[in-house]
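A quick write-up on the structure given underneath.
Below, all heavy atoms of this structure are taken into account, side chains as well, without hydrogens, waters or symmetry copies. A, B, ... follow the sequence lines: proteins, then strands. Residue 1 opens every chain.
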Amino acid sequence: MDVKTDILSKYKAKVFKSRKDHIIRVEGGGEQAIAANTRAIPGIMTNRGCCYAGCKGVVLGPLKDAMVITHGPIGCGFYSWGTRRNKARANEDGENFVQYCFSTDMQEPDIVFGGDKKLRKAITEAVEIFRPKRILVCSTCPVGLIGDDIHAVAAWAEKEFGITCVAFSCEGYKGVSQSAGHHIANNGLMKRIIGTDDSVRPGRHKINLLGEYNIGGDGWESERILRKIGYEVVAVFTGDGQVRDVANSHTADLNLVQCHRSINYVAEMMKDAFGVNWLKVNFIGVKATSETLRDIAEFFGDTELKEKTEEVIEEETSLIAPEIARYRSRLEGKTAALFVGGSRSHHYQALLRDFGVETVLAGYEFAHRDDYEGRRIIPTIKEDADSKNIENLVMDKDARYRVYLTPERLSELKGKIPLEDYAGLMTDMRDGTYVVDDLNHFETEEFIRHLKPDVFFSGIKDKFVVQKGGTLSRQLHSYDYSGPYAGFRGSVIFGRDLTMGLYAPAWNLVTPPWASARA
Amino acid sequence: MLDQTPKEIFERTALRVNPCKTCQPVGALFAALGVKRCMPHSHGSQGCVSYHRTFLTRHFKEPAIASSSSFTEGASVFGGGANLTASVKNIFDVYDPDIIAVHTTCLSETIGDDLNSFIMELELPDDKLVVHCNTPSYVGSHVNGFANMTAGFIKYLADRRAPKSGRVGFFPGFVNPGDLREYKRLMGLMGTEYVMLPDHTGVLDAPMTGTYRMFPDAGTEIDDIRALGGVRAALAMGPFASTEPALALKAKCGVDSSIMPLPFGVSGTDSFLMKLSELSGNPVPKELEDERGRLVDLMLDANPYFYGKTCAVFGDPDTVVGITSLALELGMLPKYVITGTPGEAFVEAAGRLLEAYDARQGAKIKAAADLFELHQWIKNEKVDLLIGSSYAKQIAKAEDIPFVRAGFPVLDRYGHAYQPLIGYQGSLLLAGRIADAIMDRLDRDCADEDLELVL
């Protein structure tokens, strides 16, 4: 019996039916279909979060020049305060709201009589105390249920105080996971922020970095390399990012998409409205980063830029080569399982391969089918009731629409680099490995028992479950307070962390000597 | 760090900044983890339980299991009854706990889901149980959620016909496994037999063995919760966390409780031991008297470093009152004493302590406060030391103030959940950490020629 059959056989009929299409044993080069972005099963311990977590926690939270006010009872704002390791440094005006948590801390009377008044008052107090230029309001579950019109309050605040104020209706019950929240955040940024500042910056090759949240400083490492080559980074969405840069981001020549799941909506909408092409990139892994840099240079097609790119790759890789080799000698032949959000389980396979570590199981918490199977299948994805509830914006061409590439150059590049394309996770997985969508607690334990990976990369909720069972677990959401793991320098830190985890002396101390004598 | 926090204090009635509390459900989940083979269940969107499990795991560095009704938009409109029914079936099928402890969320409370009737209509496997409590996130704080869940177990399970026993019902308060082990040691030495609810030892400080067990052989036994109906009396430690279960036990089974502050410091521990002595008829043994003597010894030895030092104490109400009492015994001046949890009883309790040490004047005590306000007070008048949860590390860095982590949560350090704060032993550890923090600062800041090797 293969692993999939064995695990599924332990479920009763209803759960069996709901789970069977979410587990794939890869065969024939990953052309298989997987079920994804469907409802979690009540009672089955999923790792998923909610719409608010995707909107406020992931996409909007890192924007440092905006006050993000959570409208709701205290919990949601509290839990998303300082817990994601999206690093930020104060801007030239001294703004860095990332260190703060702002909430309306709704009380029972607000739920009964409506919370609009408290939100207005909270914004008034926020303006008085902090003098922000931008406020973003994110709603939590009860707000949608009692019908507070946060958008009207935001419009009032803009008029009253002359600030930018945008509301996001990202109640936790919307959609089936964080993914709905990403989409809502993307829509709000597109409708209200992107394209509101037309000033043109100097620089020949202007890019935005999308879907980079600067966890552990990842974005800073990617930016360092890009700037070294000579790119002008207009905006980062949204790690150490700013609303003011996002406002100006339509002036860039190219969007780089790191986390496909959380930001592909903005990438597509900016292409339709402003003509900005997007390129799927991966700054995780030495080879992957080098390839990505070559792809970007290829897009611009500038010989000098290509030469500079090769020069930087050569310099950076030779600097880290000895350390990569050292860690590789200790890691080669190990196996890994990856279960992270919506892109990392793919990206990190490249970095693991740099160290000779094979991935035997990979899965996403909240991905859609295209993250597994590639964008080619998007037209065939059937919308269900939950996804239909999330607005799908169709953008018309803006008056400022401009194309960087000639049609000939565009079609030439299409086959060469991942322009407006993402091939998905499964094409990179070897036959006989497993891909699991919305892996749950029970399946985690079962897969570890069967596949015995040397390391299980996941988040804090299952980290200690796995480690108590005797398998190393490293957090790929927060990097266990380490990082950055991106780019060239990050690869070395990742290699170091993985090595020290696997070779911790305490692994050999788990069983007391008298117990081994007994055995 | 926190550069946008102005010194000037504006009155706020609507905007909460840098809170010093969180919502009820996480406290309920925590309480339910202390019952043997219990699956805590959150009746709401799965985001709630994801945040709560993350939060508890980060404090304890241990798995914090819990399931969710995984509401979608449809359930939010039509009610979550079907989600609860499906959850209960799936949980018993897949994870096989003995009991499911359901708590509500702001989502299910706002739509008015009636958990009593949902649970009555459940078809349960033999010998399996489902209990619940209401934990609206827009009332009180995580401490109230903990109290409500503990009371929930009693309301469902405590049996007034349970055989009368000499045991004492024991509600330990919102504390760490290290404290629970210390309580057990103290009650063992005092010859007090007890039923502790909840009991996280062995659950949230489980040893590393190479085998993970979702339900370790630990936590309060369901039969013991039933037996609470027959105990001779109950001790409810910490009024904020333990009054609810005490009232529930009185209402359901007629058992009287003594509600006491958490046993911090010398006199706090003295009162606790005298209460145990009164209940058991046993005198306080020499061993504990010696322990007390060691604590007082350290307090006198290190007195010059404690005396007159100002501090800010913040966190959960019962713990803050406890730390404040120890700080006063050490000769310190708790200048700012705050909790995020609402309740004037906190202000009264802390106020009484400060008055007893003639330290009330110039001190600020506030419930339903936040760390932003504390920071502003500090900007106006600094203190020598911060004592409380991890969340003040920003203030400590911004204002360059020594910081001792104590209470809940400590997210950014290891080992705290193992160490007691209660009892003479816990107080000794905490007093030692306070002295270390103050003296490390002296050493850091002094001129080379003033660096002292001896005391």
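- Contacts between A:I111 and chain B at a heavy-atom distance below 4.5 Å involve the side chain alone, from C-beta outward.
- Using a 4.5 Å cut-off between heavy atoms, B:P207 touches chain A through its backbone atoms (N, CA, C, O) alone.
- Residue contact with chain B, scored on non-hydrogen atoms closer than 4.5 Å, involves the side chain of A:C141 exclusively.
- For A:T83, the parts lying under 4.5 angstrom from a heavy atom of chain B are both the backbone and the side chain.
- In this structure, the portions of B:T72 lying under 4.5 Å from any heavy atom of chain A include both its backbone and its side chain.
- Between B:T13 and A:E125, the side chains place a donor N or O and an acceptor N or O closer than 3.5 Å (distance only, hydrogens not considered).
- In this structure, chain B has heavy atoms under 4.5 Å from both the backbone and the side chain of A:T46.
- There is a side-chain donor-acceptor pair under 3.5 Å between A:Y100 and B:T5.
- A pairwise comparison of heavy atoms in B:M208 and A:W507 identifies CE-CZ3, 3.9 Å as the closest pair.
- Taking non-hydrogen atoms and a 4.5 Å limit, the residue list of residues 127-134 of chain A in contact with chain B, ordered by number, reads A:E128, A:I129, A:F130.
- Interface remark: A:I69 contributes side-chain atoms only to the contact with chain B (heavy atom separation under 4.5 Å).
- Proximity to chain B (any heavy atom under 4.5 Å) is shown, for A:V465, by both the backbone and the side chain.
- Nearest heavy atoms, A:P42 versus B:S87: CB-OG, 3.2 Å.
- Contacts of B:F372 with chain A are made by side-chain atoms alone, with heavy-atom separations under 4.5 Å and no backbone atom involved.
- Contact annotation for B:T211: only backbone heavy atoms (N, CA, C, O) come within less than 4.5 Å of a heavy atom of chain A.
- A:R39 touches chain B through its side chain: at least one heavy atom from C-beta onward sits under 4.5 Å away, while N, CA, C and O do not.
- Proximity to chain B involves both the backbone and the side chain of A:N96, based on heavy atoms less than 4.5 angstrom apart.
- In this structure, chain A has a heavy atom under 4.5 Å from the backbone of B:S69, while its side chain stays farther away.
- Of all the heavy atoms in A:Q99 and B:M1, the pair that sits closest is OE1-C, 3.6 Å.
- Formation of a donor-acceptor pair under 3.5 Å by the A:E95 side chain with backbone atoms of B:Q4 is not found in this model.
- A pairwise comparison of heavy atoms in B:T110 and A:P142 identifies OG1-CB, 3.5 Å as the closest pair.
- Contacts between A:K12 and chain B at a heavy-atom distance below 4.5 Å involve the side chain alone, from C-beta outward.
- Ring orientation note: the planes of A:H441 and B:Y212 are tilted relative to one another, at an angle of 30° to 60°.
- Within the 4.5 angstrom heavy-atom criterion, no atom of B:P136 approaches chain A.
- Each of A:Q178, A:K461, A:E365 was scored for a side chain to side chain donor-acceptor pair (under 3.5 Å) with B:S50, with one residue passing: A:K461.
- Only the side chain of A:Y481 comes within contact range of chain B, with heavy atoms under 4.5 Å apart.
- Contact annotation for B:I65: both backbone and side-chain heavy atoms come within less than 4.5 Å of a heavy atom of chain A.
- The minimum heavy-atom distance between A:I74 and B:T22, with the atom names listed, is CG2-C, 3.6 Å.
- Under the 3.5 Å distance criterion, the side-chain polar atoms of B:Y95 are matched with a main-chain donor or acceptor of A:M45.
- By the salt bridge (charged side-chain N to carboxylate O under 4.0 Å, His left out) test, A:D105 is found to be paired with B:R16, B:K21, residues two or more places apart in sequence or in another chain being considered.
- Residue contact with chain B, scored on non-hydrogen atoms closer than 4.5 Å, involves the backbone and the side chain of A:N47 alike.
- Residues B:P19 and A:F78 share a closest heavy-atom pair of CG-CD1, 3.6 Å.
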